[in-house]
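Only one structure is covered here, and it is reproduced in the block below.
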Amino acid sequence: MFHGNKIVVVMPAYNAAKTIEQTTAEIPLDLVDEIVVTDDASRDETVDIARKLGLRTLVHKQNRGYGGNQKTCYTEALRLGADVTVMLHPDYQYSPRLIPAMITMITDGPFDAVLGSRILGGSARQGGMPLYKYVANRGLTAAQNALCDAKLSEYHTGYRAFSRRILETLPLLENSDDFVFDNQMLAQILFSGFSIGEISCPAAYFEEASSINFRRSVRYGLGVLQTATQFFLQKRGLASYPIFDAEGRRLDPGSEPEHVSVLPAAADAT
Ligand SMILES: Nc1nc2c(ncn2[C@@H]2O[C@H](COP(=O)(O)OP(=O)(O)O)[C@@H](O)[C@H]2O)c(=O)[nH]1
Ligand SMILES: [Mg+2]
């Protein structure tokens, strides 16, 4: 608990066996109430390790994609009664030690969402971000800020915190099951007038922390531009899209999803 708020950390995992323990070790357990791992049918030991660590482990029976994974994560966070939910990649790319700062900005500050930005502070390239990803990040961000009338330093980080109201009210089930989910969610947050704060977060790039290849990055980039264009058109009443529909499908924490198993912690959990 933090200042009377229940704090849940969710980790959407895919082949994170080599890094999940190190990531978990740095999560501040004095204020985090629950850690949820959702495994998207990994081909490595992610599930066994998560259970041994005593984490609440949900497993997709089939691979559903990064966005599908987050839908499960946030549904579970709502079910657990989270007031603030932090989404953290289990690939040890972002420092979990910034969680207290991020949640304070929501519980005691004016923000509904907080992003851990790799761009603020200017050390993304020193951290090892490949040049093509850096250039794409800056270019896409400039286009998105122009189309969405916002001023964020980046829209592509895997480190985010959200208020309960965001998870309850946005039509998140209208979003893609692929990587662009993250981006659609930020566009929805801006569209609905929620406030977004940012904090600088140096990110590390090493083999296990970055697996998306060039082809998938290009597909993601095109999805990002499409999302920002849809935002622009819908804001001006020129078109209408399900992701910005106030009546669109929301997460339902009362439903039992058929595609997910919830595993207890292993008997010898640490
Ligand atoms: N569900 C799912 N997640 C994936 C897949 N590929 C990568 N991820 C996750 O997506 C996140 C971002 O991918 P990553 O390779 O770290 O991207 P980068 O750090 O931005 O270069 C990581 O947490 C991965 O575990 C996939 O095919 N399915
Ligand atoms: Mg990564």
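Just so you know, these numbers come straight off a predicted model, no measurement behind them. Every number for a ligand or one of its atoms is a count from 1 in the order of the listing.
- In this structure, M11 has no heavy atom closer than 4.0 Å to ligand 1.
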(Q) Let's go through F194 and F111 carefully: what are the C-alpha distance in whole Å and the side-chain angles of both, what is the deciding distance for ring-ring contact (aromatic ring centres under 6.0 Å, His included) to 0.1 Å, and is it a yes or a no? (A) CA-CA 8 Å; F194 288 113; F111 299 109; over 10 Å; no
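- Protein heavy atom at the shortest distance from atom 15 (O) of ligand 1 is S211 N, 2.5 Å.
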Q. What's the verdict on ring-ring contact (aromatic ring centres under 6.0 Å, His included) for F191 and F231, showing C-alpha distance, side-chain angles and the deciding distance?
A. CA-CA 7 Å; F191 193 89; F231 180 110; 5.6 Å; yes
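- With a 6.0 Å radius and a threshold of 12 heavy atoms from other residues, nucleotides or ligands, R125 has its CZ atom above the threshold.
- Screening residues 234-249 for side-chain hydrogen bond (donor to acceptor under 3.5 Å, both in side chains) gives E174-R249 as the qualifying pairs, with residues at least two apart or on separate chains.
- Remark: ligand 1 and F179 share no N or O pair separated by less than 3.5 Å (distance only, no angle test).
- Contacts between H156 and ligand 1, counted as non-hydrogen atom pairs separated by less than 4.0 Å, are absent for every part of the residue.
- For a threshold of 3.5 Å applied to N or O pairs, the pair formed by Q93 and ligand 1 contains at least one separation below that value.
- Counting only distances under 2.8 Å, and ignoring water, the protein N, O or S atoms around the Mg ion (ligand 2) are D91 OD2, Q93 OE1, A209 O.
- In F206, the CZ atom is crowded: over 12 heavy atoms of neighbouring residues, nucleotides or ligands sit closer than 6.0 Å.
- In terms of protein heavy-atom proximity, atom 17 (O) of ligand 1 is nearest to I212 CD1, 3.4 Å.
- Side-chain N or O atoms of T75 include none that pairs as donor or acceptor with a backbone N or O of P253 at under 3.5 Å.
- Heavy atoms of R216 found under 4.0 angstrom from ligand 1 belong exclusively to the side chain.
- Counted within 6.0 Å of NZ on K151, heavy atoms from surrounding residues, nucleotides or ligands total 12 or fewer; the atom is thus considered open.
- Within 6.0 Å of CG in D149 there are 12 or fewer heavy atoms belonging to other residues, nucleotides or ligands.
- In terms of protein heavy-atom proximity, atom 9 (C) of ligand 1 is nearest to Y66 CD1, 4.1 Å.
- Every atom of ligand 1 with a heavy atom of K133 under 4.0 Å away is listed here by number and element: 18 (P), 21 (O).
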**Q.** Verdict with reasoning, Y220 to R215, per side-chain hydrogen bond (donor to acceptor under 3.5 Å, both in side chains)
**A.** CA-CA 9 Å; Y220 169 76; R215 243 179 104 116; over 6 Å; no
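- Heavy-atom proximity to D91, at under 4.0 Å, picks out these atoms of ligand 1: 16 (O).
- Using a 4.0 angstrom heavy-atom cutoff, G65 counts as in contact with ligand 1.
- Considering T141, N145, T227 in turn, N145 is the only one that fulfils the side chain to side chain donor-acceptor pair (under 3.5 Å) rule with Y155.
- Considering backbone and side-chain atoms together, A13 places no N or O closer than 3.5 Å to any N or O of ligand 1.
- Of the options L53, T24, L58, I20, a side-chain contact (heavy atoms from CB on, under 4.5 Å) to V37 is made by I20 and by none of the others.
- Annotation for ligand 1: atoms under 4.0 Å from non-hydrogen atoms of D40 are 1 (N), 2 (C), 28 (N).
- The aromatic rings of Y159 and Y94 are tilted relative to each other, their planes meeting at an angle between 30° and 60°.
- Of the protein's non-hydrogen atoms, H89 CE1, 3.5 Å is the one closest to atom 11 (C) of ligand 1.
- When hydrogens are left out, the protein atom nearest atom 5 (C) of ligand 1 is Y14 CD2, 3.4 Å; that is the closest non-hydrogen contact.
- Residue contacts with ligand 1 leave out A16, since none of its heavy atoms falls under 4.0 Å from the ligand.
- Residue H60 is tested with T72, N69, D39 for a side chain to side chain donor-acceptor pair (under 3.5 Å); the sole match is T72.
- Applying the 6.0 Å contact sphere to CD of E45 captures no more than 12 heavy atoms from other residues, nucleotides or ligands.
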